[in-house]
Structures are given as structure tokens and as C-alpha cells.
Colleague: 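Attaching a single structure in C-alpha cells format; questions to follow.
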Amino acid sequence: MDTVFGRIIKGELPCDKVYETDEIIAFKDINPKAPVHILIMPKKAIPNLQSMGEQDLGLMGKLVVAAQEIALDMGVADNYRLLTNNGPKAGQSVFHLHFHLLGGKILGDLD
Ligand code: AMP
């Protein structure tokens, strides 16, 4: 399924990129919920966390390392939240797996 993130990964749509490897891309969220709000995702089209399999274990580790490096680069290494919305009832609106890295302010409770 072609999603807005799939089109960004293919270079068909622009983004404000902050990190890229052969397997991962990260860019600023277009509607930021915090001073730092980065979307981190695999280039591989995986719909969401629940769709990941054993074959993606290495990729998951690389996503975590990407989050650590981005947090350092953004100056929020001691104050960030990393989350993913899995499914529409959890707030997922784009069905290409992505993690939100939020920081740069006091983060409130999760609901
Ligand atoms: P989610 O609701 O968890 O699926 O998150 C989707 C996120 O993608 C939202 O925070 C949107 O603001 C963000 N978003 C949607 N389109 C774009 C885009 N073209 N560039 C950057 N962020 C986007």
C-alpha cells in the first residue's frame, strides 16, 4: 500500500530529513506536538508494530540506535519519549510503521 511516508521514502514528496541510512529515514513531523518531534521509520513498508516479524529483529535494534543518535543530535538525550501508535484506535493515521520521538519540553501523562 502506498502511504504518504512511502512516497517520502521514494523521494516523491519532500520532508525535513534529520537522519538517513540504507534502511532507515527520520524527518520532522509536519504537525509537531513538542519542540522536538521526529518521525523515525524503516524504509521497508511494514504497516505497524504488530506487523513486524522475527525477520525484523535487527531492524528494530537499528531503529532504537537511530532514536538514540537523533535524541543526542537534537539535544534531548535526557528528556524524550519514543512511541508508536498501533492501529486506528491507538491514533495511527499513516500505515507505514513509524516511531514518534518527542522532546524538548516537560512531557505529560500518557492516556
Ligand atoms: P500517526 O497518527 O501515529 O500515524 O502519526 C502520523 C504522523 O505523521 C502525524 O503526527 C502527522 O502530523 C505526521 N505527518 C503526516 N504527513 C506528514 C508529512 N508529509 N510530513 C511529515 N509528517 C507528516
Side-chain angles (χ1 to χ4, degrees):
M1 186 176 67
D2 213 12
T3 64
V4 62
F5 295 164
R7 295 191 64 200
I8 288 172
I9 290 161
K10 281 193 244 169
E12 294 173 0
L13 292 174
C15 72
D16 196 344
K17 193 180 348 179
V18 299
Y19 179 99
E20 185 170 24
T21 66
D22 55 341
E23 290 182 273
I24 292 169
I25 189 167
F27 49 86
K28 294 184 181 176
D29 195 293
I30 206 166
N31 182 24
K33 299 291 193 294
V36 174
H37 188 171
I38 307 297
L39 301 173
I40 306 168
M41 65 196 70
K43 292 182 178 176
K44 179 180 174 185
I46 301 171
N48 57 25
L49 189 70
Q50 198 62 22
S51 311
M52 291 188 96
E54 293 259 347
Q55 69 281 6
D56 299 314
L57 288 175
L59 182 60
M60 190 66 190
K62 291 174 187 174
L63 288 161
V64 170
V65 169
Q68 292 173 332
E69 289 186 16
I70 292 163
L72 275 171
D73 284 350
M74 298 280 156
V76 297
D78 64 344
N79 171 35
Y80 70 90
R81 179 174 288 158
L82 186 66
L83 64 86
T84 189
N85 295 320
N86 187 88
K89 285 184 275 186
Q92 185 177 7
S93 60
V94 181
F95 289 82
H96 181 115
L97 174 67
H98 54 283
F99 292 86
H100 298 255
L101 188 153
L102 296 146
K105 69 171 189 178
I106 304 284
L107 296 164
D109 289 343
L110 290 170
D111 66 4

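Numbers here are sequence positions counted from 1.
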Colleague: Each residue besides L57 in its hydrophobic cluster should be listed here, by chain and number; the cluster joins Ile, Leu, Val, Met, Phe, Trp and Tyr at side-chain heavy-atom distances under 4.5 Å.
Modeller: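 Noted: L57 shares its cluster with no other residue.
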Colleague: Applying salt bridge (Lys or Arg N to Asp or Glu O under 4.0 Å) as the test, list every pair that has at least one member in residues 82-99; sequence neighbours left out.
Modeller: none
Colleague: Heavy atoms only: give me the nearest A34-G103 pair and the separation to one decimal.
Modeller: CB-O, 3.5 Å
Colleague: List for me each residue that meets side-chain hydrogen bond (donor to acceptor under 3.5 Å, both in side chains) alongside K17, sequence neighbours excluded, and say none if there are none.
Modeller: E20
Colleague: Testing the basics here: between I46 and L59, what is the closest heavy-atom pair and its distance to 0.1 Å?
Modeller: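 For I46 and L59, the tightest heavy-atom pair comes out as CD1-CD2, 3.9 Å.
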Colleague: If you look at every heavy atom in G104 and V76, which pair is closest and at what distance?
Modeller: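 Heavy-atom minimum between the residues: N-CG1, 3.6 Å.
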Colleague: Tell me whether the count of non-hydrogen atoms from other residues, nucleotides or ligands lying under 6.0 Å of CD in Q50 goes above 12.
Modeller: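 Counting other residues, nucleotides and ligands, CD of Q50 stays at 12 neighbours or fewer.
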Colleague: For K44, what residues pass the side-chain hydrogen bond (donor to acceptor under 3.5 Å, both in side chains) criterion, not counting sequence neighbours?
Modeller: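 Result, side-chain hydrogen bond (donor to acceptor under 3.5 Å, both in side chains) vs K44: D56.
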Colleague: Kindly work out whether a path of hydrophobic side-chain contacts (I/L/V/M/F/W/Y, heavy atoms less than 4.5 Å apart) joins M52 to F95.
Modeller: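 Each belongs to a different hydrophobic cluster.
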Colleague: Mind listing the closest non-hydrogen atom pair of A26 and I38 along with its distance?
Modeller: CB-CG2, 3.9 Å
Colleague: What pairs with K10 under side-chain contact (heavy atoms from CB on, under 4.5 Å), at least two apart in sequence or on another chain?
Modeller: D2, E12
Colleague: Listed by chain and number, what are the side-chain hydrogen bond (donor to acceptor under 3.5 Å, both in side chains) partners of K62, not counting sequence neighbours?
Modeller: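 Partners of K62 by the side-chain hydrogen bond (donor to acceptor under 3.5 Å, both in side chains) criterion, ordered by chain and then number, come out as E23.
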Colleague: If you group Ile, Leu, Val, Met, Phe, Trp and Tyr whenever their side-chain heavy atoms sit less than 4.5 Å apart, what else falls in with F5?
Modeller: V4, I8, I9, L13, I25, F27, L39, M41, V94
Colleague: Scan the side chains in residues 63-75 for donor-acceptor partners under 3.5 Å anywhere in the protein, sequence neighbours excluded, and list what turns up.
Modeller:
none

Colleague: What pair of heavy atoms forms the shortest contact from P42 to H96, and how long is it?
Modeller: O-NE2, 2.7 Å
Colleague: Between R81 (side chain only) and L110 (backbone N and O only), is there a donor and an acceptor less than 3.5 Å apart?
Modeller: no
Colleague: On a heavy-atom basis, which atom in L102 and which in L107 lie closest, and how many Å separate them?
Modeller: O-CD1, 3.7 Å
Colleague: Name all residues meeting the ring-ring contact (aromatic ring centres under 6.0 Å, His included) criterion together with H100; count only those two or more places apart in sequence or in a different chain, and write none if there are none.
Modeller: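 Partners of H100 under the ring-ring contact (aromatic ring centres under 6.0 Å, His included) test: H37, H98.
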Colleague: Please round to the nearest 0.5 Å and tell me the distance separating atom CG of L82 and atom CD1 of I40.
Modeller: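 Rounded to the nearest 0.5 Å, the CG-CD1 separation comes to 5.5 Å.
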Colleague: Does NZ belonging to K28 count more than 12 external heavy atoms closer than 6.0 Å?
Modeller: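 For K28, atom NZ is not crowded (no more than 12 foreign heavy atoms under 6.0 Å).
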Colleague: Could you name each residue pair satisfying ring-ring contact (aromatic ring centres under 6.0 Å, His included) that touches residues 59-84, not counting sequence neighbours?
Modeller: none
Colleague: Output all residues satisfying side-chain hydrogen bond (donor to acceptor under 3.5 Å, both in side chains) with S51, sequence neighbours left out; order by chain, then residue number.
Modeller: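 Here the qualifying residues are N48.
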Colleague: For N31, give me all partners under side-chain contact (heavy atoms from CB on, under 4.5 Å), at least two apart in sequence or on another chain.
Modeller: D29, K33
